[in-house]
Amino acid sequence: MERVYNPNEIEKKWQDIWEKEEAFQASTDYSKPKYYALVEFPYPSGQGLHVGHPRPYTALDIVARKRRMQGYNVLYPMGWDAFGLPTENYAIKNQIHPRVVTENNVKHFKNQLKALGYSFDWKREVNTTDPNYYKWTQWIFLRLFKKGLAYKSEMPINWCTSCKVGLANEEVVNGVCERCGSEVVRRVKSQWMLKITEYAEKLIQDLDQVDYIEKVKISQKNWIGRSVGAEVDFKLVGKEETLRIFTTRPDTLFGATYMVISPEHPLVEKYKEEIENYKELLAYREMAAKKSDFERTELAKDKTGVEISGIKAINPVNGKEIPIWISDYVLMTYGTGAIMAVPAHDERDWEFAKKFHLPIIEVVEGGNVQEAAYTNTNTGKLVNSDFLNGLEVSKAKEKIIDWLIEQGIGKKKVNYKLRDWVFSRQRYWGEPIPIVHCEKCGYVPLEEKELPLMLPEVESYMPTDNGESPLAVMTDWVNTTCPCCGGPAKRETDTMPQWAGSSWYFLRYTDPNCTEAFASKEALDYWMPVDWYNGGMEHTTLHLLYSRFWHKFLYDEGLVRTAEPYQKRTSHGMILGENNEKMSKSRGNVVNPDDIVREFGADTLRTYEMFIGAFDLSASWSQEGVKGCRRFLDRVWKLQDMLTEEMNYSSDLEIKMHQTIKKVSSDFENLKFNTAIATMMALINEFYRKGSVTKKEYQTLLVLLNPVAPHMTEELWESYGEGKRLYQQTWPGYEEDKTVESTVEIAVQVNGKVKATIAVGLEEAQETVKEKVMAQVSVQAAIGEKKVVKEIYVKGRIYNIVIK
RNA sequence: GCCGCAGUGGCGGAAUGGCAGACGCACUAGACUCAAAAUCUAGCGGGGGCGACCUCGUGCCGGUUCAAGUCCGGCCUGCGGCACCA
């Protein structure tokens with residue numbers, strides 16, 4: 001043997017060579033076919049790399065390396081999503097500037113990633129906290145603002161009564177402040193909002209153009225929550241004014257026996273003089289405001305509410321007076337904040353009606369509405385509904401909408417669950433919002449030449465006790481002049497959320513040092529869209545939706561070429577601890593990738609993470625499994641000992657070689673890394689069985705294995721390859737007709753039970769196959785005296801005899 | 001409660017509707033060794049039989065089919081996500 005496989009030595013060697021040779025830099029020669037592979041850039045946390053990170057990175061590294069060997073100009077970049085709460089909190093606690101904390105964390109992360117041998121183009125590294133980067137984040141925000149897509153609105157924030165600071169949802173645990181345990185209440189604050197709802201329809205429709213795994217498309221659609229229904233105006237008794245509701249079931253209008261408005265509905269304030277129990281309503285509203293979302297869901301089973309006395313509504317279809325209630329199960333943020341309640345055909349209304357003894361009228365037959373709400377819309381006809389009687393639900397919907405339009409009291413309406421994006425954070429460590437408030441001119445955007453608006457140095461990063469951002473105490477910075485009238489004005493002191501920088505980073509990678517624009521048009525036109533984007537399931541709603549929204553906006557502005565940023569999106573499963581639970585410090589089941597690299601090598605870690613199980617499912621860590629993968633690599637290494645100089649595939653393994661190339665090639669494309677590796681394991685088992693491997697066979701194996709275990713294969717290639725580097729080789733091809741054996745073993749079944757296996761020619765006629773089948777003693781025995789009713793022959797697979 | 005995903009040997013997991021358990025781990029035996037480790041070779045779902053073999057078996061209950069882990073209907077359990085969305 002040449003020498004022992006020593007990964008620590010050879011891995012460093014090749015990482016240095018690749019860097020020196022600029023092996024994985026994307027070329028700016030735009031005449032070549034391109035391939036843009038993208039993984040979600042990490043938040044550089046203080047804990048360093050987690051074994052969960054290498055799973056997606058290795059997967060797309062495999063794809064990227066394979067694409068390069070297939071002749072593509074590949075862009076596989078990496079960067080840092082570095083603004084964010086944990087860094088800021090760490091900075092506060094340890095009295096270190098968040099910029100310094102970020103620098104250290106990035107350095108640590110980068111070293112760890114480099115040790116894993118990824119083919120990232122480090123020349124294109126981006127960092128969302130770099131002013132040269134966030135200049136363009138601010139620039140895009142200004143474009144949004146100028147198009148009316150950024151606006152101010154009163155929104156509730158989580159307010160810790162003890163720390164006197166606004167908290168992120170994440171910092172509210174079971175309704176109390178994470179750090180001090182005090183009560184958290186909702187407080188209203190004027191905040192910047194982005195009008196993502198304006199893109200709701202496009203965000204749903206354009207999913208048809210892209211290749212996302214189905215569950216990602218489903219979660220995007222569910223989050224946007226498009227529903228078609230109607231808006232209907234209900235007259236209030238003795239008033240001119242009407243109460244507008246939204247319903248998805250206008251067909252059930254005859255069954256509306258009461259109405260419910262959200263506790264915050266303006267109607268309550270407007271008629272407070274006439275409402276006899278105004279104080280009671282007010283008390284209820286206060287109680288509802290205190291509830292966190294968590295508590296509201298907990299209380300879901302027990303409906304609460306108060307009837308408004310003094311005001312009634314009229315059901316427009318039958319003129320009946322019906323009561324109006326307030327209840328927190330109706331939300332001001334969805335629809336019109338008011339509903340018509342049809343207890344017979346809506347579960348929440350039904351529970352409410354049962355509790356408060358309100359009438360339940362069946363209008364769609366098919367269930368027992370006194371026992372449970374009947375919500376099936378596919379079967380059952382309308383009853384107790386005058387001119388709708390006898391119609392199916394879908395027909396009744398159409399007819400009632402026509403009727404509402406005719407009467408001038410309603411219309412068809414599409415509603416979305418999606419809400420506008422709250423874009424302000426009362427925090428230091430984020431992009432400053434480049435807006436100035438002037439008493440005379442209102443909210444005025446900074447001029448482009450003023451960008452980047454730098455984050456000022458502050459003494460303390462603590463949010464102030466009046467709910468403002470830490471920037472608010474920086475009077476020198478806050479007080480400025482209005483870009484519009486030159487008068488005194490104040491800067492916006494809230495910062496942007498972490499989502500901002502990650503909403504367009506994939507565009508910056510195409511041209512990371514561009515100073516004229518967020519990226520040059522040539523670079524964008526060439527590289528975009530991203531060909532394959534992989535990330536975690538936890539980002540399949542918000543990050544994906546936000547970045548698609550920004551990209552669609554830039555598309556409408558004529559700044560990018562395609563309506564969608566990502567052509568293909570896949571998601572990986574989580575890596576769990578050995579005990580099958582989520583890895584966490586408190587559970588004590590965290591595995592540090594550095595330890596695995598030190599003990600087994602990066603190639604083993606990469607191989608193991610790909611072999612651990614189906615890529616899209618969660619998998620639990622196993623130290624024994626890691627050893628198995630190291631053993632596999634050792635066996636590949638030791639094949640050197642049985643190497644022959646033969647520059648062909650050996651005749652008995654030719655088919656196996658072609659099959660392996662085919663299987664590995666397609667498995668890499670379909671995220672089936674575990675079976676690709678299993679196939680290569682099976683191949684080397686063949687070499688061991690024979691005790692020899694030809695040079696040609698060995699070379700092919702090295703190329704196939706290279707994307708998974710790049711260092712070791714490159715080292716072996718140096719001794720047994722064809723001169724040039726392995727990473728410069730061409731991906732091997734295969735011949736389809738050499739992947740199939742000419743004779744195959746097929747199973748013979750009698751009534752679906754296997755009775756024998758026989759060897760047949762693949763193209764052999766059924767007649768001669770039948771002769772062989774019938775010659776089998778076990779088959780004859782199984783048939784016995786019974787009669788053969790039917791025979792099925794599936795070529796090269798199975799021969800089934802049906803007897804009676 | 002709603003949405004999504006999963007359930008296959010001792011374990012991780014394979015199976016375009018076509019011989020369930022590929023590949024790996026663990027385990028057992030043999031080779032090598034003074035010995036152990038490492039490595040190599042072989043075996044390895046349950047029950048039965050000396051044996052060629054027989055039989056049961058992919059969470060549960062039904063169905064479709066010549067044939068079901070796979071498709072359909074109804075459940076059970078576990079994991080992840082959630083905004084009572086009218």
Side-chain angles (χ1 to χ4, degrees), chain A residues 214-216 218-219 221-223 225 227 229 245-250 252 260 262 293-294 296-301 303 327-331 333-342 345-349 351-352 375 415-419 536-538 540-541 573-574 576 578 580-582 607-608 611-614 616-629 631-632 634-635 638 672 674-683 685 688-689 691 745-757 777-778 781 789-803:
Chain A
E214 201 49 36
K215 61 178 170 180
V216 171
I218 291 168
S219 59
K221 282 181 190 163
N222 286 348
W223 194 263
S227 57
I245 60 102
F246 172 72
T247 178
T248 51
R249 294 293 306 276
T252 61
V260 186
S262 95
D293 290 347
F294 180 79
R296 284 191 182 201
T297 5
E298 279 299 286
L299 294 170
K301 281 160 202 145
K303 293 276 178 292
S327 174
D328 60 4
Y329 82 93
V330 173
L331 307 177
T333 46
Y334 184 78
T336 61
I339 63 158
M340 66 174 197
V342 184
H345 305 288
D346 182 283
E347 279 171 33
R348 287 150 305 162
D349 296 346
E351 277 172 34
F352 195 86
T375 55
N415 244 328
Y416 303 91
K417 288 188 219 168
L418 186 69
R419 296 174 195 165
M537 272 313 281
E538 71 274 20
T540 50
T541 44
M574 227 190 300
L576 306 171
E578 297 234 30
N580 214 14
E581 286 175 19
K582 215 168 168 169
T607 306
Y608 176 64
F611 188 64
I612 193 168
D616 59 331
L617 301 179
S618 57
S620 33
W621 190 265
S622 155
Q623 202 72 6
E624 294 301 329
V626 177
K627 274 185 357 202
C629 287
R631 195 172 297 159
F632 164 61
D634 277 327
R635 278 163 69 84
K638 284 188 297 186
K672 301 186 72 168
N674 52 340
T675 50
I677 292 167
T679 304
M680 291 187 271
M681 286 172 169
L683 178 66
N685 288 346
Y688 272 83
R689 215 156 283 151
E745 287 254 303
I746 66 161
V748 181
Q749 298 181 334
V750 176
N751 279 0
K753 302 222 183 245
V754 180
K755 293 295 168 189
T757 55
V777 181
S778 54
V789 212
K790 197 173 175 183
E791 286 166 70
I792 296 119
Y793 178 52
V794 181
K795 207 170 86 179
R797 286 278 184 188
I798 206 151
Y799 197 104
N800 192 12
I801 301 165
V802 187
I803 58 168

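Only heavy atoms go into these numbers, but all of them, side chains included; no hydrogens, no water, no symmetry mates. A note on names: the letters A, B, ... follow the listed sequences, proteins ahead of strands, and every chain is numbered from 1.
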Could you state the [atom1]-[atom2] distance from [X] to [N], rounded to the nearest angstrom?
{"X": "A:Arg631", "N": "B:rC40", "atom1": "CZ", "atom2": "C1'", "value": "12 Å"}
{"X": "A:Lys795", "N": "B:rG17", "atom1": "NZ", "atom2": "C1'", "value": "19 Å"}
{"X": "A:Gln749", "N": "B:rA20", "atom1": "CD", "atom2": "C1'", "value": "12 Å"}
{"X": "A:Lys417", "N": "B:rC84", "atom1": "NZ", "atom2": "C1'", "value": "11 Å"}
{"X": "A:Ile339", "N": "B:rC84", "atom1": "CD1", "atom2": "C1'", "value": "10 Å"}
{"X": "A:Ile798", "N": "B:rA67", "atom1": "CD1", "atom2": "P", "value": "12 Å"}
{"X": "A:Lys221", "N": "B:rC82", "atom1": "NZ", "atom2": "P", "value": "21 Å"}
{"X": "A:Phe611", "N": "B:rG24", "atom1": "CZ", "atom2": "C1'", "value": "4 Å"}

Between [M] and [N], how far apart are the [atom1] atoms? Round to whole Å, please.
{"N": "B:rA68", "M": "B:rG18", "atom1": "C1'", "value": "10 Å"}
{"N": "B:rG10", "M": "B:rG80", "atom1": "P", "value": "26 Å"}
{"N": "B:rU8", "M": "B:rC3", "atom1": "C1'", "value": "26 Å"}
{"N": "B:rG57", "M": "B:rC5", "atom1": "P", "value": "29 Å"}
{"N": "B:rA26", "M": "B:rA37", "atom1": "P", "value": "13 Å"}

What is the nucleic acid contact for [X], judged by heavy atoms within less than 4.0 Å: base, sugar-phosphate only, or nothing?
{"X": "A:Ala614", "result": "sugar-phosphate"}
{"X": "A:Thr247", "result": "sugar-phosphate"}
{"X": "A:Ile612", "result": "sugar-phosphate"}
{"X": "A:Ser620", "result": "nothing"}
{"X": "A:Glu347", "result": "nothing"}
{"X": "A:Glu791", "result": "nothing"}
{"X": "A:Asp616", "result": "nothing"}

### Query
Syn versus anti for B:rG9, judged by chi lying within 90° of 0?
syn
Checking contacts here: which listed nucleotide ([options]) is nearest the side-chain heavy atoms of [X]?
{"X": "A:Tyr334", "options": "B:rA86, B:rG24, B:rA22", "value": "B:rA86"}
{"X": "A:Ala682", "options": "B:rC66, B:rC23, B:rC85", "value": "B:rC23"}
{"X": "A:Arg419", "options": "B:rC40, B:rC85, B:rG24", "value": "B:rC85"}
{"X": "A:Val754", "options": "B:rC66, B:rA15, B:rA20", "value": "B:rA20"}
{"X": "A:Lys638", "options": "B:rC66, B:rA86, B:rU39", "value": "B:rU39"}
{"X": "A:Leu617", "options": "B:rA6, B:rC66, B:rG80", "value": "B:rA6"}
{"X": "A:Leu331", "options": "B:rC66, B:rC85, B:rA86", "value": "B:rC85"}
{"X": "A:Tyr688", "options": "B:rC40, B:rC19, B:rA86", "value": "B:rC40"}
{"X": "A:Trp223", "options": "B:rC40, B:rA83, B:rA86", "value": "B:rA83"}

Below 4.5 Å, heavy atoms only, C-beta onward: do [X] and [Y] meet side chain to side chain?
{"X": "A:Ser262", "Y": "A:Tyr334", "answer": "no"}
{"X": "A:Met681", "Y": "A:Phe611", "answer": "yes"}
{"X": "A:Trp621", "Y": "A:Tyr608", "answer": "yes"}
{"X": "A:Phe352", "Y": "A:Asp346", "answer": "no"}
{"X": "A:Asn685", "Y": "A:Arg635", "answer": "yes"}

Please determine whether a side-chain nitrogen or oxygen atom of [X] lies at a distance below 4.0 Å from atom OP1 or OP2 of [N].
{"X": "A:Lys672", "N": "B:rA15", "result": "yes"}
{"X": "A:Arg348", "N": "B:rC85", "result": "yes"}
{"X": "A:Tyr416", "N": "B:rC85", "result": "no"}
{"X": "A:Asn222", "N": "B:rG81", "result": "no"}
{"X": "A:Arg635", "N": "B:rC23", "result": "no"}
{"X": "A:Thr541", "N": "B:rG81", "result": "no"}
{"X": "A:Lys215", "N": "B:rC5", "result": "no"}
{"X": "A:Asn674", "N": "B:rG24", "result": "no"}
{"X": "A:Arg797", "N": "B:rG17", "result": "no"}

### Task
Look through every strand shown and name the nucleotide pairing with B:rG57 as Watson-Crick or G-U wobble, where both distances are under 3.5 Å.
none
### Task
Measure from the side-chain N and O atoms of A:Asn751 to the backbone N and O of A:Ile803, and report whether any donor-acceptor pair falls under 3.5 Å.
yes
### Task
Inspect the contact between A:Lys627 and A:Glu624 and indicate whether a charged nitrogen and a carboxylate oxygen are less than 4.0 angstrom apart.
yes
## Note on the structure
dist A:Tyr793:OH -> A:Ile798:CD1 (nearest 0.5 Å) comes out at 11.0 Å
